[in-house]
2 protein chains.
Amino acid sequence: MKKSVVTKVKLTRNQSLVLDSLIKAGQPSGAYALLDTLRPHGFKAPLQIYRALEQLIDLGLAHRLESLNAFIACSHVSCESSGATAFVICDKCETVQEICDESISNFLSSLARKTKIRASKSSIELHGLCNGCSAVSHS
Amino acid sequence: MKKSVVTKVKLTRNQSLVLDSLIKAGQPSGAYALLDTLRPHGFKAPLQIYRALEQLIDLGLAHRLESLNAFIACSHVSCESSGATAFVICDKCETVQEICDESISNFLSSLARKTKIRASKSSIELHGLCNGCSAVSHS
DNA sequence: GAAACATGTGTTATAATATTACATAAGTCA
DNA sequence: TGACTTATGTAATATTATAACACATGTTTC
Ligand SMILES: [Zn+2]
Ligand SMILES: [Zn+2]
Ligand SMILES: [Zn+2]
Ligand SMILES: [Zn+2]
């Protein structure tokens with residue numbers, strides 16, 4: 001898993017704005033939602049968002065949720081350490097828990113070993129109802 | 001994890017055609033690639049593909065690879081048993097290994113327990129270079 | 001400083017993926 | 001049969017992502 005080694009980086013204006021939006025959102029955000037949010041700041045084209053996101057993701061400051069085609073700010077200081085992260089997503093309230101511990105990296109290592117793959121990127125996403133939403137929606 | 005309980009289902013014509021294409025491809029296939037493949041059989045619109053895929057996925061006969069926006073035929077008899085499946089994807093030769101054992105379901109159960117989520121769907125995808133490709137591309 | 005290079009930006013257009021809406025047909029069961 | 005569900009056909013549209021090009025800015029090297 002390639003990861004940025006940098007601990008402190010100077011973000012460009014666009015990157016900072018996108019990261020701030022992501023943090024403020026506190027939820028998975030689509031690229032076009034971010035674009036709309038940032039139009040008042042002069043953003044006009046999707047590429048401005050996608051380019052900033054690419055950097056932020058490389059730096060471990062944001063993550064892409066593959067199953068939602070959406071993005072979210074990293075909830076840790078930064079995920080540089082391992083890059084082995086799992087996302088647990090409530091489909092009702094859209095809360096996302098970002099889990100990044102040894103159980104994840106161990107699982108991925110073991111999976112890579114078993115399948116003889118030289119892993120470069122992983123995506124673990126678990127959908128369902130969080131504790132609160134699960135209590136409410138007892139259909 | 002909700003799963004079909006059916007063991008033998010009669011597929012409709014469209015569903016059979018899409019499944020056959022997926023199996024023949026033996027690789028992740030995009031919806032529009034499937035559409036092109038099936039035009040000679042009368043397919044004309046993306047919805048015909050997406051609708052068939054939805055059924056096939058519900059039946060456990062096909063899977064969606066979230067990180068590729070693509071689909072693949074189930075490599076087991078069917079994944080009805082657990083629905084806890086991991087995909088290991090070579091980014092060079094596009095080979096996909098579908099892993100479905102206790103290590104996967106245990107990991108997911110544990111993750112769900114830790115995060116207090118009532119899980120309904122999961123997606124585990126590991127990218128990298130398979131054994132063969134990794135040997136060749138020693139840059 | 002000038003040249004060479006890498007990185008970031010702005011903008012337009014376009015590609016790739018997925019869904020809505022509506023009309024029709026076919027299968028299932030009382 | 002009627003009532004109902006499921007599958008289909010088709011057109012239009014929505015959503016997500018990238019390509020191509022021009023320009024600007026920053027950094028290194030001489
Ligand atoms: Zn993170
Ligand atoms: Zn919730
Ligand atoms: Zn399967
Ligand atoms: Zn390979």
Side-chain angles (χ1 to χ4, degrees), chain A residues 4 6 9-22 25 27-59 61-72 89 91 94 121 123 125 127, chain B residues 4-6 8-22 25 27-59 61-72 89 91 94 121 123 125 127:
Chain A
S4 159
V6 189
V9 208
K10 187 154 182 298
L11 298 180
T12 66
R13 172 182 150 85
N14 284 5
Q15 290 160 14
S16 297
L17 285 169
V18 170
L19 181 55
D20 285 349
S21 291
L22 273 180
Q27 283 190 339
S29 309
Y32 283 74
L34 290 168
L35 176 56
D36 286 340
T37 301
L38 290 173
R39 279 189 201 284
H41 292 271
F43 279 61
K44 288 183 179 163
L47 252 196
Q48 297 176 291
I49 303 292
Y50 283 108
R51 290 203 273 224
L53 284 172
E54 188 182 4
Q55 282 298 327
L56 293 172
I57 290 170
D58 279 352
L59 295 172
L61 298 172
H63 300 289
R64 177 185 168 88
L65 298 173
E66 299 289 352
S67 59
L68 294 177
N69 291 331
F71 306 86
I72 194 165
I89 303 160
D91 290 325
E94 298 207 80
K121 194 190 129 197
S123 159
E125 297 172 19
H127 286 257
Chain B
S4 160
V5 198
V6 188
K8 191 69 182 180
V9 209
K10 186 155 182 296
L11 298 179
T12 66
R13 172 181 149 84
N14 283 5
Q15 290 159 14
S16 297
L17 286 169
V18 170
L19 181 55
D20 284 349
S21 291
L22 274 179
Q27 282 191 339
S29 307
Y32 283 74
L34 290 168
L35 176 55
D36 286 340
T37 301
L38 290 173
R39 279 189 201 284
H41 292 272
F43 279 61
K44 288 182 179 165
L47 249 198
Q48 298 176 290
I49 303 292
Y50 283 109
R51 288 203 275 226
L53 283 171
E54 188 181 2
Q55 282 298 327
L56 293 173
I57 290 170
D58 278 352
L59 295 171
L61 298 173
H63 300 289
R64 177 184 169 86
L65 299 173
E66 299 288 354
S67 59
L68 293 177
N69 291 331
F71 306 86
I72 194 165
I89 303 159
D91 291 324
E94 298 206 82
K121 194 191 129 197
S123 159
E125 297 172 19
H127 286 257

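Below, chains carry the letters A, B, ... as their sequence lines are ordered, and counting in each starts from 1. Only a predicted model underlies this, so the values are computations on that prediction, with no experimental measurement involved.
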Only distances under 3.5 Å count here; give the side-chain donor-acceptor pairs of residues 41-57 of chain B to other protein atoms, sequence neighbours excluded, each with its distance to 0.1 Å.
unit_1   : atom_1 : unit_2   : atom_2 : d
Gln48(B) : OE1    : Lys44(B) : N      : 2.5
Gln48(B) : OE1    : Ala45(B) : N      : 2.9

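For the side chain to side chain contact (heavy atoms under 4.5 Å, CB included) test, residues two or more places apart in sequence or in another chain that qualify with Thr12(B) are Asn14(B), Gln15(B). Here Asp36(B) pairs with Arg39(B) under the salt bridge (Lys or Arg N to Asp or Glu O under 4.0 Å) rule; sequence neighbours left out. Residues meeting the side chain to side chain contact (heavy atoms under 4.5 Å, CB included) test with Asp91(B), sequence neighbours left out: Ser120(A), Ile89(B), His127(B). In this view, Arg13(A) satisfies the side-chain hydrogen bond (donor to acceptor under 3.5 Å, both in side chains) rule with no residue, not counting sequence neighbours. Considering only residues two or more places apart in sequence or on other chains, Ala25(B) meets the side chain to side chain contact (heavy atoms under 4.5 Å, CB included) condition with Ser29(B). Taking Thr37(A) as the reference, nothing meets the side-chain hydrogen bond (donor to acceptor under 3.5 Å, both in side chains) condition, with sequence neighbours excluded. For Ser21(A), there are no side-chain hydrogen bond (donor to acceptor under 3.5 Å, both in side chains) partners at least two apart in sequence or on another chain.
For residues 62-72 of chain A, the pairs satisfying salt bridge (Lys or Arg N to Asp or Glu O under 4.0 Å) are Arg64(A)-Glu66(A), Glu66(A)-Lys121(A), with sequence neighbours left out.
Interatomic distance, Leu19(A) CG to Leu34(A) CG, rounded to the nearest 0.5 Å: 10.5 Å.
Put simply, chain A comes within 4.0 Å of DNA chain D, heavy atom to any atom, from dT16(D) to dA20(D), going 5' to 3'.
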Any protein N or O atoms within reach of nucleotides 9-16 of chain C? Criterion: under 3.5 Å, listing atom names and distances.
unit_1  : atom_1 : unit_2   : atom_2 : d
dT9(C)  : OP1    : Thr12(A) : OG1    : 2.6
dG10(C) : OP2    : Asn14(A) : ND2    : 3.1
dG10(C) : OP2    : Gln48(A) : NE2    : 2.6
dG10(C) : N7     : Arg51(A) : NH2    : 2.5
dG10(C) : O6     : Arg51(A) : NH1    : 3.3
dG10(C) : O6     : Arg51(A) : NH2    : 3.3

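Nearest-nucleotide positions on DNA chain D place Ala52(B) closer to the 5' end than the other of Ala52(B) and Arg64(A).
Five base pairs at each end of the helix from dG1(C)-dC30(D) to dA30(C)-dT1(D) define two local axes, and these are offset by 40° (rounded to 10°).
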